[in-house]
Every structure is written in C-alpha cells, then in structure tokens.
Amino acid sequence: MNRISEHPILGETEKGQLVTFFMDDKMMEGYAGEPIAVALKAAGLMVHRYTHKAHEPRGIFCAIGRCTDCVMIVDGVPNIRTCITPLVAGMKVQTQDGVTALEVNK
Amino acid sequence: MKRYDLIVVGAGPSGLSAAIEAARCGMSVAVFDENAKPGGQLFKQIHKFFGSKEHQAKIRGFKIGETLLAEADEAGVEVFLNATVAGIYLDKEVLVQIGAAMEHFKADTIIIATGAAENMITFDGWTLPGVIGAGAAQTMMNLYGIKPGQRVLMLGSGNVGLVVSFQLMQAGCEVVALVDAAPKVGGYGVHAAKIARCGVPFYLSHTITKAEGSDCVSGVEISQVDEDFIPIPGTQKHFDVDTICLAVGLSPMSQLLKMAGCNMVDDPRRGGQVPQVDENGETSIPGLFAAGDVSGIEEASSAMIKGRMSGLAAAAYLGFLNEQDKDNRLADLEVALDSLHQGMFAPGSKGKTFAKTDEGIAVSQSLLKKGYLDDADIERFIHRPDQTIKNSGIHPVIECTQNIPCNPCQDACTRGCIKVGKTITALPRIDAANSCTGCGMCIASCSGQAIFLVDEDYAPGYASITLPYEFLPRPQKGELGTALSRSGQPLGHAEIIDVRNAKAFDQTTLVTIKVPVEQAMTARFYQPKTNAAGQSGKKEIRQ
C-alpha cells in the first residue's frame, strides 16, 4: 500500500470519511476531501490520461495544479486537475484519451 | 467592486507575513491564493528550520505555518482561497477568479508574493508517469500521507533535493541514489550527511539519460557527464526504481508583475525574470511591491522577513505608519535578513567555491563529493586550534563544517559548552572547560542533525554515542542493531542503551548506542534489524 500509516514527525494523517468512487467503471475507495489523484495513487494507479497525438501516458507530475499532466474526466467533464480536485463519494473518474474518455475493454 | 487598503497575492510565508504587518498597522487587507489551503509550501516542510531565534530556527516549517495563520487571523487579515488572481490593471485593480466567477477588487497598495515554480529538465522518458517534481513528492507524503513511490532516485543535490530525500526515507520510501550534474553537492553539507549516513550513494557529475518503462517508470539510467555537462558514453548505470524525483531549482512566478508593467530584469542569481525592486520590495510602480521568491529565489526564512518589510513599507506608503517607526522597524528586519545573507550559501556567494571556512579550515571535499566527512576532515575540524575537546566522559561532538546561518545549538546548551558567537555563520565551537551533562538539547536543536554526544568511558572497551533519530519504528532500549558509519556502511553490532523522547526534542528521538570504543568517532547512525529507514537490503547489495 502507498498510504503512510504512521509518520515519525507528522503522526497519523487526518483523513475524511472513507468513500467509494468509480474509476473507469471499477469501484475504488478513497477518503472524501483528499485530491482524486491521491486516492488513485493509493490504489497504485499511475496513468491518468493518454496524449491526443502520440498516445503517450501521463500521470501526476507537479501535484499542485500547475502542470495539468494529471487531468482526467471527472463526472463527465474533461481536463479536471485531479491533484487539486477533492474526492467526493460516488464520483465517476475516467482515464482521459486526448480530450475524451478512454474506451475501456471490459 | 470591493476595496481594500492592501491586496496581497499569495498566502505563502511571504504574503502572510506582509499581510500581518500591514493589518497590524490598521490597514484593511485581503489575501488571494489559488490553493484550497493557505500557507504556501510551509505545510510541506517538516524539517527544523535554520537561522537563529528571531528566524524561528529549530522550529519545523509546518509549525511556523500554523503560527502565521493564527497571527493573520488575529490581525484581521481576510484570506480568500481557491481565488486565482488573473490580472492586475491600471490603478491597482485586481481581477480574481473565485470558483467560476470573475470578480473585481481594488486596492491602494498591492504586494505580489506568488512564490516560485519548480524547474524541470528533459531526458528520454521524462514524461512517463512516475517522473515527478520534488515538490510533488513533498505534497503527496507530507500533506496527504501517501508515498510517492517505493524506490526513488533523486536528481538534484540542492537543499530541496537533500531535504526531500530525507523526507522520502521518513515516509518509508527507499532512496536508491542522489544524482547531480554539478561536480559538488549544492545544498548544506549537514543535509547531505543526514542521507549519506542512511546509506544513500551520491553520484555527482552524473545526470539522468533515460527513464525506462512503457506505461510508467520501471527504471532509470544515469550517466557521468564531462565538464560541459555532456553525458560520457559507456558510463551508464541502471537502477530499478518506480519514481524519479526532480529537484533542479525554482523559477519566480513573476507573470503578474510583468503584466502590471513593472520594470523586469533577467537575473540568473535571483532565478530568472524578476522585478526591479528597492530594499523594501517596491517595484517601479509606486505602491506595488514584490516579496519572497517571486523577486528572487531564496528560502522561507528570508521570504518571511522580506514579506514583513514590504508590509511595513506599504503601510508607510499609505500613511498608516509614520516614517520614524517605519525606519526603526525596517532597520531591525534588515539586521535579521542580513544575518541570513552571510556565509557560504548566501545569495551573493552563488557560484563561488570556498577552499576554506571563515575560520581558515580547509573545507571537506568528501562532503561535497560524497555527502559525508572523511576521517581527515573529522581530525581537522574536531581537533582544531580554537576548540578543546575531551575524549573522556560525555561530551558533544559537532560535525558542522560549513559557514551556514544557524545557531540554536548555542542557545540549547545551558552549560555554555557550545559557542557560535554573534556571527551566526561561524562554526560552533566547543568549550571543554564547561562540563556537559548529557542533556541532549544540543542534539535535538540542531536542524542539521550534526551534533552527537560521545562518551568514551561508558564501559571498559565500549563507548556510548547519542544520536538524533527521526524514523519509525522508534528503537527500543535493549534492542540490537547495526552501527553505521558516516557513509552508511555497517561497522558492527550496536546495542540501544537509552532512548529519549521529550517534548522539547520536538519529535527528534535521542538514541544512545553502545559500540566498541574504537568506533566512538566513526559510528554515526543506527540501523535496526527490521529496517526502518527504508533502505532495506541495500547494505548487502552495496558491499
């Protein structure tokens, strides 16, 4: 797991309520209020989107809403910076392919 | 359109400091910040700060952030979050995006404290998921409690690269190597020594030539570089990593100042495009100020002082502070700022090479190349003419060998064993005439974790060494582990004979180990059997 259960200086990280959300039709868990990207990282997901022309993978890069590398489709809206957008229960997050949702093989 | 006496852009250390000073002078102050939380990068800084008392030395960054927020609140500063300043127009009109709305505000003075953005370098595969900025690593682990990766390679040996490497290990990640194209470590030697003694190898004059992996990072290739920073063919080394962390400097985010029409200069020493400012941060536009990293890359301590200076200057500009009071208060702040601007790492020392310290001692080349002091360095610095050191009974050993602005050790010792003097960049000096009680306050107060208590007479044939420890699990008395050298090499068995956690130590655990007396001056770290520092299995591989 990628979550730090206890930290030598910070102790335990304060967390919101444990909620479920959808990631490309798969149910996942995360804490309400933490950035979507953090919940995805905790689950080990690295690829947030593929670029339009070269179809190259992109993920978290700056984590402060500056670089836009981590954008995804959230509740149907593309180009949402997942590193600064808080997770809400029941959110529908999709891997972005160019500016549309990636077709997921079920 | 809402009006304020002062609008501050950026709620980081500099912006908040400016807002506090101005509000205390009676000004109505609004602070806009694009983030959801105020404090800028302060809440990601979990290490103890350098400087002296007036700079809040030995206090961890996030605690300083908490104090600033409380002060701002008390002073009546209005902080707008998720509020991105999109434009500054004539007569100090400010356009702010709050949610989906664009709102106009007007002020009589403006302070821009937007800080800086991380620099990046490119290499094959640099866009792969798993290549991240050092700031991203700090955000993930120190704000959101998540590991940036399991095995990390750090590029950049400035203070950010060094501090974040240590924090990665504190978060439970393994740092496989620290790489820098420069021929010497850029940041404080004490920060380098902290990670070297955990066993992290340093590769100076090396750079990343390839990030490997198809959908995300699975490895990294580094190569040695020549004097022109060109990779030398045939020198490639490979590491299995899932994360590559880039700490290659910062650039001022000065776009708003440029947009406002301030005179700008391109100053590499200040980090790039910066506004022309006077000593209080006033730009070429009267009543418009710049404070903190946006007007020159430094660090949070000086950013806070510069913020305070701009806040006072803005108050005086509008007549909220009389000239006499302004001059007096600015003079005090200038003294505080000046003391941070001394020594080997001062803004004016950028690019300079120092052969000797201010005390005339040859600097450690090993520290600059490998991150740790070698035996000759120890001999030269510990047994130097201006200090007498005991080799019996408990006594401090200070491995602080560069002129950096820091002096909490002097205040920590109530017995007067440790002296820095008025110039806070002077090396701390031990006065053996005063007797050490072994209280350990010097160890806990040293932001660089460079102080150890050594007792060569602990038991026949054995010495005790007390060292700072900031990893989990905290060692237990009676536990058996391994003593590590300054370079992180195993020296032999070490038994934990004491573990101290006091409130005054502020999360730094003081661990006392028992080692053969021959290791009294070589053992400097402790590795538990079940490795806590995240450097699992590495010792075996490296031998």
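- Neither the backbone nor the side chain of A/Tyr31 comes within contact range of chain B, judged by heavy atoms closer than 4.5 Å.
- With values rounded to the nearest 0.5 angstrom, A/Leu10 atom CG is found 5.0 Å from B/Ile46 atom CD1.
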Residues 123-131 of chain B side chain polar contacts: donor-acceptor under 3.5 Å, at least two apart:
{"from": "B/Thr127", "atom 1": "OG1", "to": "A/Arg58", "atom 2": "NH1", "distance (Å)": "3.2"}

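- Scanning all heavy atoms of the two residues, the minimum distance from A/Ile60 to B/Ile132 falls at O-CG2, 3.3 Å.
- For the atom pair B/Ile146 CD1 and A/Lys41 NZ, the distance stands at 7.5 Å (nearest 0.5 Å).
- Side-chain contact between B/Met141 and A/Ile4 is present, with heavy atoms from C-beta onward closer than 4.5 Å.
- Crowding of A/Lys92 atom NZ: a count of heavy atoms from other residues, nucleotides or ligands under 6.0 Å not exceeding 12.
- Heavy-atom neighbours of B/Lys194 NZ from other residues, nucleotides or ligands within 6.0 Å: above the threshold of 12.
- Here the straight-line distance linking atom NE2 of A/His7 with atom CZ of B/Phe471 works out to 9.5 Å at 0.5 Å rounding.
- Interface remark: of the candidates B/Gln138, B/Met253, B/Gln167, B/Met253 forms the most heavy-atom pairs closer than 4.5 Å to chain A.
- With respect to chain A, the highest number of heavy-atom pairs below 4.5 Å among B/Ser214, B/Ala171, B/Ala137, B/Ala117 belongs to B/Ala171.
- The candidate from A/Ile9, A/Val38, A/Thr51 with the greatest count of non-hydrogen atom pairs under 4.5 Å with chain B is A/Ile9.
- Taking chain A as the reference chain and counting heavy-atom pairs below 4.5 Å, the highest number among B/Asn82, B/Thr508, B/Thr509, B/Thr139 is found for B/Thr139.
- One distance of note links CZ of A/Arg3 with OH of B/Tyr144; it measures 12.5 Å at 0.5 Å rounding.
- Heavy atoms closer than 4.5 Å to chain B are found nowhere in A/Glu14, neither backbone nor side chain.
- To the nearest 0.5 Å, atom CD of residue B/Gln150 and atom CG of residue A/Asn2 are 5.5 Å apart.
- B/Glu470 is linked by a salt bridge (charged side-chain N to carboxylate O under 4.0 Å, His left out) to B/Arg60, counting only residues two or more places apart in sequence or in another chain.
- B/Lys48 does not touch chain A: none of its heavy atoms, backbone or side chain, sits under 4.5 Å away.
- Within residues 62-72 of chain A, the residues having any heavy atom closer than 4.5 Å to a heavy atom of chain B are A/Cys62, A/Ala63, A/Ile64, A/Arg66, listed by residue number.
- Contacts of B/Lys63 classified as salt bridge (charged side-chain N to carboxylate O under 4.0 Å, His left out), with partners at least two apart in sequence or in another chain: B/Asp506.
- In plain terms, the two heavy atoms of A/Pro8 and B/Leu472 that are nearest each other are N-CD1, 3.5 Å.
- Ranked by heavy-atom pairs under 4.5 Å with chain A, the list B/Arg474, B/Glu118, B/His47 is led by B/Arg474.
- For B/Met120, the part lying near chain A is the side chain, with the backbone staying farther off; criterion is any non-hydrogen pair under 4.5 Å.
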